[in-house]
Amino acid sequence: MRDQLQDFINQYEEIQARLNAPETYADPGLTAELNRRERELAPVAETCLAIRKCEENIAEAEQLLGDPELGQMAREELDRDRKETDRLEEQLKILLLPKDPDDGKSAILEIRAGVGGEEAALFAHSLYRMYCMYADIRGWRCEVISSNETELGGLKELVMTIEGPDVYSRLKFESGVHRVQRVPETESGGRIHTSTVTVAVLPEVEEVDFELNPADIEMQVYRASGAGGQHVNKTSSAVRLIHRPTGTVVECQQERSQFQNRDKAMKLLRSRLYEEQQRALEESVSSQRRSQVGSGMRNERIRTYNFPQSRVTDHRIGLTLHKLDETMDGDLDEIIDGLTAADQAERLKGAET
């Protein structure tokens with residue numbers, strides 16, 4: 001264990017030395033790679049350094065235990081540093097768990113109205129707003145790929161990219177059925193309705209991660225519908241891509257340029273096919289997309305948003321917060337941190353058995 005600690009510290013210090021070397025400045029690619037490795041290794045190396053410091057303090061305190069004047073203080077410091085060492089070693093175990101290779105990537109977020117008609121579509125729009133506000137808090141950038149709006153301003157479905165560091169690691173547990181309980185604006189009797197929205201989060205995949213054969217892809221162009229002005233409606237700028245081997249279909253009509261729409265559609269197609277491939281490799285998941293988002297039925301929910309009680313509950317970890325307004329305004333960190341901690345604890349338990 002001690003040799004392993006020193007090895008991590010040595011790797012971290014070597015990367016820092018290389019980043020400060022003059023020859024590194026002349027190679028932007030190398031600089032980017034070293035910065036990426038430094039970010040990945042920093043939490044591990046810093047924890048190792050903290051453990052080593054605690055061990056040094058423990059050794060010093062043990063030497064003072066017999067001192068009549070400093071013995072009591074040494075015992076208190078010894079107890080404190082031993083507890084801190086135990087805490088840091090547990091933290092290190094979590095940091096050394098195998099990481100999801102997709103965690104550092106941007107993500108593609110898909111939101112679809114489920115059970116509940118117009119009320120479900122209106123809540124889908126509320127979730128879209130919530131994720132956009134969370135992205136803004138974390139400094140990420142959102143861009144809509146495709147959307148299908150209702151006359152009352154709801155969303156039948158929406159697909160967007162969220163770009164930034166570690167987006168997928170923060171949002172991947174959002175996949176599933178989100179249930180809302182509230183009185184719809186269109187309800188004159190004041191009755192509480194229950195509706196659902198499905199959310200799917202896919203890692204954004206680059207060409208180097210997943211190669212597509214152009215011969216397998218059929219591209220169709222058509223005139224975009226909905227808002228956008230005369231240019232959009234009179235020009236065949238919207239793009240539909242069909243992956244023949246799997247039958248997967250994606251569309252994009254948000255941009256005025258056919259080329260831009262094709263580029264976004266390719267990004268979405270690549271991510272969907274990559275996700276399906278990964279799920280096929282994982283025997284723990286029996287189906288591909290349906291295992292992630294379910295069918296939208298009320299009993300498949302992962303989270304409930306109860307407006308009359310201003311309560312949000314994540315059913316997977318039994319977490320209930322009475323701050324629904326803040327949650328809908330993008331304050332998701334407490335929920336996401338809880339889900340991440342539960343996942344780490346489960347994987348740590350599996351690694352120890």
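With respect to the salt-bridge test (charged N to carboxylate O, under 4.0 angstrom), the residues D329 and R129 qualify. Ion pairing between E23 and R18 fails under the 4.0 Å rule for side-chain N and carboxylate O. The pair E275-R270 fails the salt-bridge criterion, with no side-chain N (NZ, NE, NH1 or NH2) lying under 4.0 Å from an Asp/Glu carboxylate O. A salt bridge links R141 with E143: the closest approach of a Lys/Arg side-chain nitrogen to an acidic carboxylate oxygen falls below 4.0 angstrom. Salt-bridge check for R244 with D216: failed, with every basic side-chain N at 4.0 Å or more from each acidic carboxylate O. Salt-bridge check for D333 with R138: passed, with a basic side-chain N closer than 4.0 Å to an acidic carboxylate O.
For S271 (side chain) and P203 (main-chain N/O), a donor-acceptor pair under 3.5 Å exists by modelled atom type. Looking only at distances, no side-chain donor or acceptor of D79 sits under 3.5 Å from a matching main-chain atom of R75. Using a distance-only test at 3.5 Å, with no hydrogens or angles considered, a donor-acceptor pair links the side chain of S175 to the main chain of V201. Under the 3.5 Å distance criterion, the side-chain polar atoms of D27 are matched with a main-chain donor or acceptor of L30. Distance alone, capped at 3.5 Å, places no donor-acceptor pair between the N261 side chain and the V239 backbone. The closest donor-acceptor contact from the side chain of T196 to the backbone of V115 lies under 3.5 Å. At distances below 3.5 Å, at least one donor-acceptor pair connects side-chain atoms of T31 with backbone N or O atoms of T24.
Inspection of the R87 and Q91 side chains reveals an N or O donor paired with an N or O acceptor under 3.5 Å. Of the N and O atoms on the side chains of E14 and N10, not one donor lies less than 3.5 Å from an acceptor on the other residue. Side chains of Y222 and Q253: a donor-acceptor N/O pair is absent below 3.5 angstrom, by distance only. Side chains of T304 and R179: a donor on one and an acceptor on the other come within 3.5 Å. One side chain, Q220 or E218, offers a donor N or O that lies under 3.5 Å from an acceptor on the other. Between the side chains of E118 and T150, a donor-acceptor pair is found at a separation under 3.5 Å.
Hydrophobic clustering (ILVMFWY, side-chain heavy atoms < 4.5 Å, transitive): I58 and L64 are in distinct clusters.
Applying the 6.0 Å contact sphere to NZ of K99 captures more than 12 heavy atoms from other residues, nucleotides or ligands.
Tested against R82, the residues E77, E62, E76 include a single salt bridge (Lys or Arg N to Asp or Glu O under 4.0 Å) partner, E62. Partner of K264 under the salt bridge (Lys or Arg N to Asp or Glu O under 4.0 Å) criterion, chosen from E255, E204, E163: E255.
How far CG of N57 is from CG of D81: 4.5 Å, rounded to the nearest 0.5 Å. Separation of atoms CD (E40) and CG (N35) is listed at 11.5 Å; rounding is to 0.5 Å. To the nearest 0.5 Å, the span separating CZ on R301 from OG1 on T194 amounts to 10.0 Å.
The cationic group of K105 lies under 6.0 Å from the six-membered ring centre of Y274 and within 45° of the ring axis, placing it in a cation-pi geometry. By the 6.0 Å and 45° rule, R316 does not stack over the aromatic ring of F173.
G338 approaches I317 most closely through the heavy-atom pair C-CD1, 3.7 Å. Residues I335 and T327 share a closest heavy-atom pair of CD1-CG2, 4.3 Å. In plain terms, the two heavy atoms of H125 and G153 that are nearest each other are CD2-O, 3.5 Å. Across all their heavy atoms, P165 and W140 have their closest contact at O-NE1, 3.3 Å. In terms of heavy atoms, A113 sits closest to L155 at CB-O, 3.6 Å. Across all non-hydrogen atoms, the minimal contact from I302 to G176 is CD1-CA, 3.9 Å.
You'll find the side chain of L319 stays beyond 4.5 Å of the side chain of T313, heavy atoms only. Using a 4.5 Å heavy-atom cutoff, the side chains of M266 and I217 are in contact. Between R170 and D337, some side-chain heavy-atom pair lies under the 4.5 Å cut-off. Put simply, the side chain of K267 reaches to within 4.5 Å of the side chain of T161, judged on heavy atoms.
Note: H178 and Y305 have parallel aromatic rings, judged against thresholds of 30 and 60 degrees for the angle between ring planes.
For D136, the side-chain contact (heavy atoms from CB on, under 4.5 Å) criterion is met by no residue, not counting sequence neighbours.
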